[in-house]
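Comments concern the structure below.
For the numbers below, each heavy atom of this structure counts, side chains included, while hydrogens, waters and symmetry mates do not.
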Amino acid sequence: MTAETSQTLDRGLRVLKLLADTDHGLTVTELSHRLGVNRTVVYRLLATLEQHALVRRDLGGRARVGLGVLGLGRQVHPLVREAAMPALRSLAEDIGATAHLTLVDGAEALAVAVVEPSWTDYHVAYRAGFRHPLERGAAGRAIIAARQRPRDPGYTLTHGELEAGACGAAAPLIGVTGVEGSVGVVMLADVVPERVGPRVMDAAREVAEALR
């Protein structure tokens, strides 16, 4: 800690990070041990975070991330979109297909940024704000693959799952704390050309680096 930083704010942010990394919540005692502070300090931190709906405590006293973080999370999309646009533009122009950045939103995949190629006679219309189940489409399946094989998810190819006659390729964002998503393309074709999969993986790496 330096003279310019706030110890209380630092501890509060560490509490949120610890809670975000667990599915079952943490008790005051567990937080006290992990933060290296006494229980009184933890109680005060939790009480303050609860006032802002950033933390909630269940009947058993376990603290969990509160719904207030959703409001903060909505503001992340514009920042992520801006960071991803250069890589998406390059991908769309290179492949000649509609490129997109997709993020997880609950049980759905949400397209937050879309770039269409400028030189093709026709391409798939795909709009920012489009949602679909994670289990359908290359973008969602790529995210699931990263959950199952975090070290080597590769890329995912699909055909006709979201639109008849359209195929897709997507690769997940890897190593970006707090962001779960994928970069991909959608095109009108019977088969995805061989070079598309590796090119999509390169674009996903570019976006991930821009977000770190």
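- Side-chain atoms of Arg56 never come within 3.5 Å of backbone atoms of Gly66 as a donor-acceptor pair (strictly under, hydrogens ignored).
- Note: the hydrophobic cluster containing Leu110 does not contain Val114 (ILVMFWY, side chain heavy atoms under 4.5 Å, direct or indirect links).
- Between Arg34 and Leu26 there is a side-chain heavy-atom pair separated by less than 4.5 Å.
- None of Val115, Val185, Val207 except one satisfies the side chain to side chain contact (heavy atoms under 4.5 Å, CB included) rule with Leu91; the exception is Val185.
- Under the 4.5 Å side-chain heavy-atom criterion for grouping Ile, Leu, Val, Met, Phe, Trp and Tyr, Tyr43 is connected to Leu49 within one hydrophobic cluster.
- When the side chains of ILVMFWY residues are joined at heavy-atom separations under 4.5 Å, either directly or via intervening members, Val183 and Leu162 end up in two distinct hydrophobic clusters.
- Using a 4.5 Å cut-off on side-chain heavy atoms (C-beta onward), Ile95 and Arg195 make contact.
- For the atom pair CG (Leu35) and CG (Leu45), the distance works out to 7.0 Å, reported to the nearest 0.5 Å.
- Of the possible donor and acceptor atoms, one in the side chain of Thr98 sits under 3.5 Å from a partner among the backbone N and O of Val124.
- Judged by distance alone, with hydrogens and angles left aside, the side-chain atoms of Arg62 form a donor-acceptor pair with the main-chain N or O of Gly25 at under 3.5 Å.
- Between Asp202 and Arg199 there is no salt bridge, since no side-chain N of the basic residue sits under 4.0 Å from a carboxylate O of the acidic one.
- When side chains are defined from C-beta on, Val196 counts as touching Met187, because their heavy atoms get closer than 4.5 Å.
- Criterion: ILVMFWY side-chain heavy atoms under 4.5 Å apart, direct or through other members. Under it, Val80 and Val176 are part of a common hydrophobic cluster.
- Here the closest non-hydrogen pair linking Ala171 and Val200 is N-CG1, 3.4 Å.
- Panel note: side chain Trp119, backbone Glu93; a donor-acceptor pair is recorded below 3.5 Å.
- Side-chain atoms of Leu101 and Leu173, non-hydrogen and from C-beta on, do get closer than 4.5 Å to each other.
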For this session: Starting from the C-alpha separation in whole Å, work towards a yes-or-no answer on salt bridge (Lys or Arg N to Asp or Glu O under 4.0 Å) for Glu116 and Arg127.
Result: CA-CA 10 Å; Glu116 298 177 346; Arg127 297 287 179 263; 2.8 Å; yes
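- Of the possible donor and acceptor atoms, none in the side chain of His100 sits under 3.5 Å from a partner among the backbone N and O of Ala128.
- Of the possible polar contacts, one joining the Glu30 side chain to the Thr27 backbone as a donor-acceptor pair under 3.5 Å is found.
- Hydrophobic clustering (side-chain heavy atoms under 4.5 Å, transitive across Ile, Leu, Val, Met, Phe, Trp, Tyr) groups Leu46 together with Leu16.
- Nearest heavy-atom pair across Ala166 and Val186 is CB-CG2, 4.2 Å.
- Heavy atoms from other residues, nucleotides or ligands lying under 6.0 Å from CD of Glu82 number 12 at most.
- Here the shortest heavy-atom pairing between Leu211 and Ala83 reads CD2-CB, 3.6 Å.
- Counting non-hydrogen atoms of neighbouring residues, nucleotides and ligands closer than 6.0 angstrom, the CG atom of Asp190 reaches no more than 12 such neighbours.
- Among the candidates Arg44, Arg57, Arg64, the single residue satisfying the salt bridge (charged side-chain N to carboxylate O under 4.0 Å, His left out) test with Glu50 is Arg57.
- Checked by atom type and distance alone, the side chain of Arg81 pairs as donor or acceptor with a backbone atom of Val112 at under 3.5 Å.
- Considering all non-hydrogen atoms of both residues, Tyr126 and Ala111 come closest at CE2-CB, 3.8 Å.
- By the 4.5 Å heavy-atom criterion applied to side chains, Arg39 and Thr29 are counted as neighbours.
- Of all heavy-atom pairs spanning Pro117 and Ala92, the tightest one is CB-O, 3.5 Å.
- Here CG of Leu54 is found 10.5 Å from OG1 of Thr48. Values are rounded to the nearest 0.5 Å.
- Taking both residues in full, the closest heavy atoms of Ile174 and Pro150 are given as CD1-O, 4.4 Å, listed atom of the first, atom of the second, then distance.
- Judged purely by distance below 3.5 Å, without hydrogens or angles, the side chains of Ser118 and Arg89 never pair a donor atom with an acceptor atom.
- Taking the six-membered ring for Trp and thresholds of 30 and 60 degrees, His132 and Phe130 have ring planes inclined between 30 and 60 degrees apart.
- The structure places NE2 of His24 at 10.0 Å from CG of Leu19, a figure rounded to the nearest 0.5 Å.
- Note that the CD atom of Glu209 and the CZ atom of Arg205 stand 8.5 Å from one another [nearest 0.5 Å].
- Side-chain atoms of Arg14 and Val37, non-hydrogen and from C-beta on, never get closer than 4.5 Å to each other.
- The shortest side-chain heavy-atom distance between Val41 and Asn38 falls under the 4.5 Å cut-off.
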